[in-house]
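First the structure, in the form of structure tokens, and then the observations on it.
Here is how names work: the chains are called A, B, and so on, in the same order as the sequence lines, proteins then strands, and each is numbered from 1. Values reported hereafter were calculated over all heavy atoms of this structure, with side chains retained and with hydrogens, waters and symmetry mates removed.
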Amino acid sequence: MGINYIYPEFEVVRNDARCIRCRVCERQCSNQVHQYDKDLDLVISDESKCVNCKRCVSLCPTRALKVVKSDCLLRENANWSNDNINEVYKQAGSGGVLLSSMGNPKPFPVYWDKILINASQVTNPSIDPLREPMETKVFLGKKGSDIKHDENGNLVTKLPPQLELSMPVMFSAMSYGSISYNAHESLARAATALGICYNTGEGGLHEDFYCYGPNTVVQVASGRFGVFKDYLEAGAAVEIKIGQGAKPGIGGHLPGTKIVGDISRTRMIPEGSDAISPAPHHDIYSIEDLRQLVFSLKEATEYKKPVIVKVAAVHNIAAIASGIARSGADIIAIDGYRGGTGAAPTRIRDNVGIPIELALASVDKRLRDEGIRNDVSLVVGGSIRSSSDVVKAIALGADACYIATAALLALGCHLCRTCHTGLCNWGIATQKPELVKRLNPDIGSERLINLMNAWRHEIKELMGGMGINSIEALRGNRLMLRGVGLNEKELEILGISHAGE
Amino acid sequence: MKISARDLDHKALNEALRGAGNDCELTDCLGQRFIAAGMSDKHIRISGIPGNALGAYLNGATIEVNGNAQDAVGDTMNAGEIIIHGNIGDAAGYAMRGGLICVQGNAGYRAGIHMKAYKEKLPVMIIGGTAGSFLGEYQAGGIIIVMGLHRGSARIVGNFPGTGMHGGKMFLRGRCENVIFPAQVNAHVAKAADMDEIMPYIRTFCTSFGYDPAEILDSDFTVITPDTKNPYRQMYVAN
């Protein structure tokens, strides 16, 4: 029996009375869903190819199209969902590992949505950010724990290298290869205009983007693609990627079919060869080994750049973070299990790791308890969706946040979760020139700047409401947070009281 | 310029090297790590034992060690030469993309892991003695040569050579009948054309350590290549 009944997940609904046969949908769909039939003078659709990216819907000039979820489902079953069943069919037919994209879509609790922020009433008056100065600038890196004077009694103010950000948000790692040239250009230009940083991911730094170096975090992962002296020196900071929230414990793999042209040049590997990032760094088996990589990077960059160590949020994250803080890293980046990805095995993405809210709270507490919180800055991601998530993260103890999915949404991503096909109709997760050019970096960077400026304003308003005029005064200020609908254990881990307390 | 490494930690030592001229002699080396990290345009001779990550991210400098070296020699090396008159530890040449690592004695585990070549960049590691397990794991490019000289009854390489290999070539001196290779590589006796490819490196080895090429070439070499550069292609189904 070789027949699997997998009915198309979406239906393309065309209002024929509105359709003017302009064939925009046909030209715009890289999945080849739409086709004009000359004899019938009809545009017909093959919805089995549709990924629901809404490109055709967005560009249809007469709003003749919509894409809806199909109601032709298997018999309802609370245990065996349609997804469960279809996944079995797919694997029975292919023998393959299920591959998905973007962050974990399963209905796990989102703790950000169960945390509420405080505001001042009567006492400790709130501050109007339109009228009074508000500081959103942050410096990431080691802060001295003691005060030193020179022989003349003057304060020694020389700090280890710091990453200066105008607001506590950075664009997190997405490699050139997983996303397009125009997406990288949009991120780089926006980061520069905003005074924040974007992150190269592990695919190297395109030669055209060295000019954005002061606003670039360059990443070193287990595959070491494109890593050499000039690359390390180009960035404002160097990030060692140990893990990623979407796929903790496994490596990366960009198939050879995507290693073409500039991607090959930027990664410094031959065209057509798979780019395999092994799951572990094979020279790191301990905190001491990590320390060796941290310091080899510091030596190679003459101690001028902070070194970030990025890990996925996993069960013993507090102990892991403590080890990283002691490895000599300047910044720890923690990526929660909802973090996005250009491709990850479905089972890993949906079942491995822990929520960033809990990881952050336990790491911050552990580092404080051990008296080493100021030895490192904490950056969290996966997933930060809004300015209020940023404010909650800062109050839980983060110094800054990494955002990626939100940045891609600003660039036009419609979260169809099929990045792994390389056919992104929005010109983001693709290397096909005819698709890449759909993303205009002038517009892309402007939209990113708009988004961040809006968030910055909202962050100021939320801070002002609490009577706080500096992001530094919000950091780790858990009294500003209350939980709703959380059990005692969750409140204990988050270190916050329940609403009403 | 002569620098004594005595009482210098790795930071002070590299500062001294950076401040010194192009021709440096480093004496009394005792385990300092990261020596010459990222350096170019220098010729550094070392006596004593350099510590881990000697010549990490090396970018064109030449390093000659009159003794053994420890782990992670030439980590992510981009260009240059590292010549070791002795043995080296584990994970030498991790992800190296260019340059030459030439070792008179033995190498530890995971030598040449994830070596990669790119256009004119062709990394080469030549080991006079034996290599430990996982030689050339994930090798993606470049050339690894192990010659097993003076090894007595020891095997030329440990277990699992070439696991995950998807590019480049590995040459082992001898017929390697007692070596078990993973399924995704091909091993055959090197032909004249294969040998032509590595002759320049064998000559460099002989010049550096005083061997006669004829003595090395009196045995066949086994050449190992991957059977695909896309080892993971069939593993996935889109979901």
Side-chain angles (χ1 to χ4, degrees), chain A residues 83 86-87 90-91 93-101 220 222-233 251 253 255-257 259 264-265 267-270 272-278 281-283 289 291-293 295-303 343 345-347 417-418 420-421, chain B residues 10-11 13-15 18 33-40 51-60 71-72 75-79 90-92 94-98 109-110 113-114 116-119 121 134 137-138 140-141 164 166-168 226 228-239:
Chain A
D83 282 352
N86 286 338
E87 285 166 359
K90 284 177 189 171
Q91 292 193 293
S94 67
V97 168
L98 296 165
L99 194 67
S100 293
S101 306
V220 174
S222 63
R224 309 274 164 90
F225 299 116
V227 176
F228 72 117
K229 175 89 170 161
D230 296 0
Y231 169 79
L232 296 174
E233 289 197 333
H253 168 221
T257 49
I259 309 291
S264 148
R265 199 159 77 239
R267 293 196 176 222
M268 300 167 108
I269 53 169
S273 173
D274 280 7
I276 296 167
S277 280
H281 288 248
H282 275 295
D283 51 354
D289 290 347
R291 184 178 179 82
Q292 182 173 310
L293 185 57
F295 275 90
S296 79
L297 290 166
K298 288 184 179 232
E299 283 288 348
T301 54
E302 299 177 35
Y303 295 86
T346 310
R347 295 292 172 246
R417 312 201 303 256
T418 48
H420 53 275
T421 64
Chain B
H10 58 76
K11 193 174 174 187
L13 179 48
N14 271 334
E15 269 167 24
R18 276 191 285 267
R33 295 180 172 190
F34 322 116
I35 293 174
M39 289 187 193
S40 41
N52 291 356
L54 169 71
Y57 320 100
L58 200 69
N59 204 25
D71 295 344
D75 182 356
T76 322
M77 175 172 170
N78 193 51
D90 297 341
Y94 181 167
M96 74 186 280
R97 181 188 303 111
Y109 289 132
R110 298 209 146 97
I113 179 173
H114 217 314
K116 44 176 69 81
Y118 177 64
K119 290 199 171 155
K121 293 216 166 284
F134 303 104
E137 192 178 22
Y138 297 107
H166 54 290
T228 171
K229 60 182 182 175
N230 308 111
Y232 292 90
R233 188 163 43 191
Q234 295 300 327
M235 276 180 58
Y236 297 111
V237 54
N239 186 30

Could you tell me whether the side chain of A:L99 reaches within less than 4.5 Å of the side chain of B:N239, counting heavy atoms only?
-> no
Contacts of A:R265 meeting salt bridge (Lys or Arg N to Asp or Glu O under 4.0 Å) (sequence neighbours excluded), chain-then-number -> A:E207, A:D262
Does B:H114 reach the main-chain N or O of A:S277 with its side chain, forming a donor-acceptor pair under 3.5 Å?
-> no
Between [options], which residue shows the highest count of heavy-atom pairs closer than 4.5 Å to chain B?
{"options": "A:A343, A:S101, A:S264, A:A275", "result": "A:S264"}
{"options": "A:L297, A:D230, A:D83, A:T301", "result": "A:L297"}
{"options": "A:K229, A:Q91, A:R267, A:H282", "result": "A:H282"}

Quick one: CD on A:E299 to CG on B:L13, what's the gap to the nearest 0.5 Å?
-> 8.5 Å
Roughly how far, to the nearest 0.5 Å, is CD of A:E302 from CZ of B:R18?
-> 4.0 Å
Those residues that, when tested against B:Y94, pass ring pair (Phe, Tyr, Trp, His ring centres under 6.0 Å) (two or more places apart) = none
Assert yes or no for the condition that the ring centre distance of A:H420 to B:Y236 is strictly below 6.0 Å.
-> no
Which pair of heavy atoms, one from [X] and one from [Y], lies closest together, and at what distance?
{"X": "A:Q292", "Y": "B:F34", "result": "O-CE2, 3.1 Å"}
{"X": "B:Y118", "Y": "A:P270", "result": "CD1-N, 4.0 Å"}
{"X": "A:S296", "Y": "B:A37", "result": "O-CB, 4.3 Å"}

Pairing of A:R224 and B:D75 as salt bridge, 4.0 angstrom limit = yes
Region of [X] in contact with chain A, defined by heavy-atom distances below 4.5 Å:
{"X": "B:E137", "result": "side chain"}
{"X": "B:A117", "result": "backbone"}
{"X": "B:K116", "result": "side chain"}

Heavy-atom distances under 4.5 Å only: say whether A:Y303 touches chain B with side chain, backbone, both or neither.
-> side chain
Applying a strict 4.5 Å limit to non-hydrogen atoms, the region of A:I259 in contact with chain B is neither
